[in-house]
Amino acid sequence: LSLSLCPQSISNIRQDKNYFNPSPNMASNLFPVSRLFSSSTDTAIQLPKRFINYAVVDAFTDTPFKGNPAAVCLLPVRQDSHWMQQVASEFNLSQTVFLVRTLAAVEEEPCCTEGSEQQTIVIENSGNPVNPIDGDNDFDIRWFTPCSEVDLCGHATLASAYLLFSSSIVSGDLIRFHTRRFGILLARKLERSSEEGDECINRKRVPLEKFMVELSFPALSSTYYDSSGLAVLSETLKGVNVISVRKTANDDLLVELSSEEEVRSIQPQSDEIRKCNARGVIVTGRACEQSGFDFISRFFAPKVGIDEDPVCGQAHCALAPVWAKKLGKEMLTAYQASKRGGTLHLRVDTTDRVYMQGEAVLVMSGILVHKQ
């Protein structure tokens with residue numbers, strides 16, 4: 001069961017210090033009181049034993065219903081992979097992300113991933129060991145499409161960090177996300193002044209907090225790929241000029257086209273893309289000078305249930321190094337030209353990291369009922 005609330009529920013999240021372990025009192029406000037306390041077994045609502053808070057956040061945008069939406073689920077303890085995949089399929093968004101405090105994950109409940117043994121991974125970040133037990137800003141993170149689990153997702157990580165920062169679930173301006181494959185990902189809160197004044201929430205004027213989130217992600221390498229492999233994409237790439245083809249470390253094809261107009265004009269054929277020898281297809285091109293962007297892109301991944309990804313941070317882990325070298329620039333501004341669209345501010349450093357900055361906006365929050 002999924003219950004959605006209005007966008008202004010961010011004010012309620014801020015007031016709830018136990019957002020990772022909600023009580024039945026929180027859910028009681030969502031049902032008619034008369035039914036909650038009815039003596040009749042026919043009309044009384046039996047409250048479930050465990051509630052799990054979630055929010056839907058649009059990432060890489062400051063406008064609701066733009067950018068890329070992600071469902072962020074805040075778990076009191078770890079859950080098994082099968083249940084998480086079912087939840088992701090129910091949300092049916094490009095990504096559903098699950099967070100659990102690293103302390104809770106270690107002490108309260110072992111990993112229940114089917115067919116795998118519990119593992120302890122010791123990771124160092126920039127030479128400084130990170131002890132996840134020391135603070136409240138460490139979270140285990142996992143990402144799921146409607147079809148499968150993925151190793152890395154940029155927009156869902158940004159959405160997670162935005163929710164944690166804006167709701168005051170964490171203190172300070174740094175969050176450490178512990179991943180299964182890529183070690184620790186850092187998310188920083190970058191304050192900036194508001195030009196829009198205050199926001200009215202529940203008839204009260206409150207400061208409109210404006211900030212961006214900066215993610216530190218691994219740069220994904222790519223190597224040149226035989227363009228003859230694009231023959232299967234004859235209709236998708238019909239009428240465009242292919243400059244180069246690469247294969248990324250994440251098994252995506254990266255196809256550079258001659259212009260922004262060609263990138264925008266592509267009509268992707270999902271059946272073709274499923275047949276290509278890659279997980280997905282990234283198409284990119286240099287942006288028009290007057291656009292204010294350095295390059296634009298689109299990303300298609302029907303094999304994992306995403307016909308077109310609205311804004312993909314992971315794709316930009318491969319795109320940023322390519323365009324930084326091509327343009328001779330360390331700082332880049334990118335636009336993903338999907339129907340929803342989204343903007344990414346990128347920096348590539350010499351340590352094989354890509355730093356991406358973006359905004360986000362909360363559009364929905366509610367409670368998952370987990371019957372055990």
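- Crowding of Arg188 atom CZ: a count of heavy atoms from other residues, nucleotides or ligands under 6.0 Å not exceeding 12.
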Intermediate values then yes/no, salt bridge (charged side-chain N to carboxylate O under 4.0 Å, His left out), Lys247 and Asp251: CA-CA 6 Å; Lys247 192 73 169 288; Asp251 196 36; 3.2 Å; yes

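- Nearest heavy-atom pair across Leu93 and Pro69 is CD2-CG, 4.1 Å.
- In summary, the side chains of Asn53 and Ser365 do not present any donor paired with an acceptor at a separation below 3.5 Å, with no hydrogens or angles considered.
- The distance between the ring centers of Phe217 and Phe182 does not fall below 6.0 angstrom.
- A salt bridge links Asp294 to Lys329: one of the charged nitrogens lies within less than 4.0 Å of a carboxylate oxygen.
- Side chains of Thr248 and Asn250: a donor-acceptor N/O pair is absent below 3.5 angstrom, by distance only.
- Defined by atom type and a distance below 3.5 Å, a donor-acceptor pair is present between the side-chain atoms of His370 and Gln79.
- Within the 4.5 Å cutoff, no side-chain heavy atoms of Phe299 are placed close to those of Ser338.
- Across all non-hydrogen atoms, the minimal contact from Ala156 to Gln95 is CB-CB, 4.0 Å.
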Would you check, one step at a time, whether the test side-chain contact (heavy atoms from CB on, under 4.5 Å) holds for Arg340 with Asp58? CA-CA 10 Å; Arg340 293 172 64 105; Asp58 290 342; 3.2 Å; yes

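- In this structure, Lys339 does not pair ionically with Glu308, as no charged nitrogen and carboxylate oxygen lie closer than 4.0 Å.
- Contact record, Val213 with Ala187: CG1-CB, 4.3 Å, taken as the closest heavy-atom pair.
- Annotation for Ala59 and Leu158: closest pair CB-CD2, 3.8 Å, computed over non-hydrogen atoms.
- The pair Arg246-Asp252 fails the salt-bridge criterion, with no side-chain N (NZ, NE, NH1 or NH2) lying under 4.0 Å from an Asp/Glu carboxylate O.
- At distances below 3.5 Å, not a single donor-acceptor pair connects side-chain atoms of Gln357 with backbone N or O atoms of Leu344.
- Electrostatic pairing of Asp173 and Lys189 does not count as a salt bridge here, judged by no charged N lying under 4.0 Å from a carboxylate O.
- Minimum heavy-atom separation, Val322 to Ala318: CG2-O, 3.5 Å.
- Using modelled atom types, one finds no donor on one side chain facing an acceptor on the other under 3.5 Å when comparing Glu261 with Ser265.
- Atom OG of residue Ser166 and atom CZ of residue Phe211 lie 5.0 Å apart, to the nearest 0.5 angstrom.
- Comment: Asp140 engages Arg78 in a salt bridge, judged by a side-chain N to carboxylate O separation of less than 4.0 angstrom.
- No hydrogens or angles considered: nothing links the side chains of Trp143 and Thr96 as a donor-acceptor pair under 3.5 Å.
- Cation-pi geometry between Arg142 and Phe98 is not satisfied (NZ or CZ under 6.0 Å from the ring centre, within 45° of the ring normal).
- Defined by atom type and a distance below 3.5 Å, a donor-acceptor pair is missing between the side-chain atoms of Gln269 and Thr236.
- A side-chain donor-acceptor contact under 3.5 Å links Asn68 to the backbone of Val311.
- Using bins of under 30°, 30° to 60° and over 60° for the plane-to-plane angle, the ring pair Phe177/Phe139 lands in the tilted bin.
- A heavy-atom distance below 4.5 Å is found between the side chains of Cys73 and Val87.
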